[in-house]
Amino acid sequence: MKKATFQFVLRRLLQVVPVVLAIAAFNFLLLRLAPGDAADILAGQMGHATVEFTEQLRREFGLDRPLYQQFLIYMGKLLTLDLGMSHLQQTPVIDLIVDRLPATLILMVSAILLAVIVGICIGIAAARRQGRLADNLISVAALLVYATPAFWLGLMLIVLFSIKLDILPSGGMMQIGAGHEGLAHVLDVTWHLILPATTLGLFYVAIYTRLMRASMLEVYGLDFIVTARAKGLSEGVIAWTHAMRNALLPVVTLAGVQIGHLLGGSVLVETVFGWPGLGRLVFDALLQRDLNLLLGILFISSVVVVIANLVVDLVYGLLDPRIVHR
Amino acid sequence: MRSTGILSLAMAALLAGVTAGSALAQPKKGGTLTYTYHPEPTALSTIATTAVPVALISTKIYESLLEYEGAGLTPRPGLAESWTVSPDNLTYTFKLRAGVKWHDGKPFTSEDVKFSIEQIALNYHSRGRTYFGNVEAIETPDAQTVVFRLKAPIPYLLRAFQPSETPMMPKHAFSEQEIAEKKVRQARIMQEPVGTGPFKLKEWRKGSHIILERNADYWKPGKPYLDQVVLRVMPDGAARAIAVEKGEVDLAPTSALPPAEMQRLSKLPHLVASEEGSEGLGPIMWLEVNLRDKPLSDVKVRQAISMAIDRDKLVDVIWYGNGKPARGPIVSGNPNHFDASLPKFEYNPQKAAQMLDEAGYPRGAGGVRFKLTQNFLPYGEEWVRQAEYIRQELGKIGIQVETQSLDMGGWLKRIYTDWDYHFTSNFTHNYSDPTIGVQRAFISSNIRKGASFSNSMDYRNPRLDELLLKAAGMQDGPERKKIWDEVQAILRNDLPVIFLIEIGYTHIWNKRVQGLITNGISMYTNWDSVWIQ
């Protein structure tokens, strides 16, 4: 890595600290606005609970202290990377997240890879046939997919591939109790991944298709493409080597921005497919007012998003050597 | 007449054949029972929380002193092989079974029983004080004997030893520090359980599944039949239904599926749907009414509201036929305490409107007599639709209702801490005795800010208080039954809540699963006799 790039990465990582802390502080205060707390919920779950019982829980969870004290304690712990205990599960928050994060990352990365690769290919294909039947069909299909809600699409895919055709599992991340290891385990997970990754990724395929098509058409109008054509290069070479690299920048930008969006979308997809990721954990934590868990997940998510954006910045440099990181 | 006779003979023969057929079917050893429920349990012990998902799984791992038979929960030997009760009902002596081992191999002794009640149930279980508050001392003369000495009789003590209510916990698995600092909820055993039950934990992949495996050292010879019990965590209701339909999952217990899906699946030939097996929980739904202000403080108004709601329609349309109209505070499936002579609540909107006229609430502009706000329990879309139906029906008799939506945290706070509501749907359990499940909602000493599922209505009736306290200190029998009959009559007349539906817990399972329904808490028993064909 070049020295300038290294310094850039270092500086950006240092900038992350105040940003993430500010997000955590904001989340902490925002979540306190909702009425009720984890002690109420847990006492409610237990059926009839006395006032003393609920107060005892509140003391156990440290929710009986004044808000400013809770805030200072939380932020103090956060500085030492201690995310605290989940109120309802009474397990360290970091353990719960570490259990779930890999599943979400696998799903997200597969979905975004699918979306970017397929989206780029179809986008280029459409741009090369601008105005012709194939281009129009692709545009209509992209629009349809773009307008389809993920949870519905997921259920329809289950009905088709799992019930009618019976060729793919309806949910879960692995065959329970099969005890696969090594390659068999990887294949098993991949097998279970196909439907959820497709469900999550299709929406983005549509976006990248549209974006790549527009971006390619713009590049096609530039002088260097005219020059390339004048040199007698084939259309294929022009499209895949000259135009594509230049047209990729907006796609990469959008992909970076959408990492956060994708995390949100994974909540629905994980729910439909019973995929054991963070998405569902965040939803349950919110309903159960498990603030420590919720804050922990939001904290880790913001770190993931910030790092993803950093990676995007680095990819810029690869795509366009004129971009210098300073 | 004659043909009827022949027909019934044929029926009898047919029935005999069916019975003989099922008697021939011998329990088969082996196999895996997979069930699904959502949300995922947060712990594997009902000490941490008695939420349904926790009770479902932990009752296969932990046991209590007794087992139960039938809807009325008749006590049978369990970890205690026999017991005696003194004539004054103040001393209970339990003889423990010899040779019972915890999953870690250590012996189960009377010390564990004493510890489970004194240190765990009384301090951590939300109903621990209700069950054992009147216990004066627990003595352990030897390793196999436990003596409970009571300050006053506890009529339901023998029904308190259910695995979800009073699980036996191994004393040796808790550190002194965890006990002293009251950090039991954080103990390792909450996530890595050590019980005496027929199944023990094999694997828990959070968010995905839990696998319990057969306890080879289980104290009942030849049991359990199953090799494994698996919980599949599936957050989406439709996906759960598909898994049951496809046979990927054998059982969806305790209304684990959306009502519309339950209705659909109950018609499939390879599945069984049943509301039996939850009588000991006694689930009931009502409209909780805030009696602090007019017009709801007026009993005539409440009676009119009750009369304006068609409970049969609620059951059929909103709940897809799941449940039956409530006839009072005690569910009709409770054979020990329900007054079977109680009629259904009357549905008569014309009369309801007339009652409001008489009570001094004539129709004003736009036909509106007065306005109310309703909340609903945030348990899913059926509750929203029910609120919509009630709004519509009350509108017809001139009560304009505005519906307010809150999530669980907000709902609990508004109803039980702020008391800031007019009326709300609510859902509670009778449990195995009305002193446990009914008293809490209606006794005036339980009008306490911050106590959930308490008397949020501000209902005060000295006669009722007197009856409830009398019943609480009395053994079951005709005398006590008479008291409960009067309690039911008073509450039906006063309507501090509008009783709606005995909402059924529907269990749906694949026909290859046998022996599931055994008593009034069938899903909270240890399933040691369940087998797969």
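Every chain is numbered from 1 and lettered A, B, ... according to where its sequence line falls, protein lines coming before strand lines.
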Taking every non-hydrogen atom, the tightest pair across B/Gly409 and A/Ile41
N-CD1, 3.5 Å

For a salt bridge (charged side-chain N to carboxylate O under 4.0 Å, His left out) check, start with the C-alpha distance between B/Arg185 and A/Glu60, then their side-chain angles and the critical distance, and finish with the verdict.
CA-CA 9 Å; B/Arg185 252 182 269 274; A/Glu60 264 183 55; 3.2 Å; yes

For B/Tyr416, is it the side chain, the backbone, both, or neither that has a heavy atom closer than 4.5 Å to a heavy atom of chain A?
neither

Under 4.5 Å from any heavy atom of chain B - which part of A/Ser170
both

Considering only heavy atoms and a distance below 4.5 Å, find which of A/Thr91, A/Leu281, A/Val159 pairs most often with chain B.
A/Thr91

Measure the spacing between CE of A/Met174 and NE2 of B/His209 and express it to the nearest 0.5 Å.
6.0 Å

Using atom types as modelled and distance alone, determine if a side-chain donor or acceptor of B/Gln191 lies under 3.5 Å from a backbone N or O of A/Gln89.
yes

If I compare all heavy atoms of B/Arg232 with all of A/Gly172, which pair ends up nearest, and what's the gap?
NH2-N, 4.3 Å

Is it the side chain or the backbone of B/Glu40 that comes within 4.5 Å of chain A heavy atoms, both, or neither?
side chain

Side chain from CB out, backbone as N, CA, C, O: work out which of these in A/Asp40 comes under 4.5 Å of a heavy atom of chain B, or both, or neither.
both

Name the member of A/Gly274, A/Gly277, A/Ser162, A/Gly171 that forms the most heavy-atom pairs with chain B at distances under 4.5 Å.
A/Ser162

Which one wins on heavy-atom pair count under 4.5 Å against chain B: A/Arg100, A/Glu270, A/Met173?
A/Arg100

Taking the side chain as every heavy atom from C-beta outward, state whether B/Lys246 and A/Asp166 have any pair of such atoms under 4.5 Å apart.
yes

Taking all heavy atoms of A/Ile176 and all of B/Val230, pick out the closest pair and write down the distance.
CG2-CG1, 3.7 Å

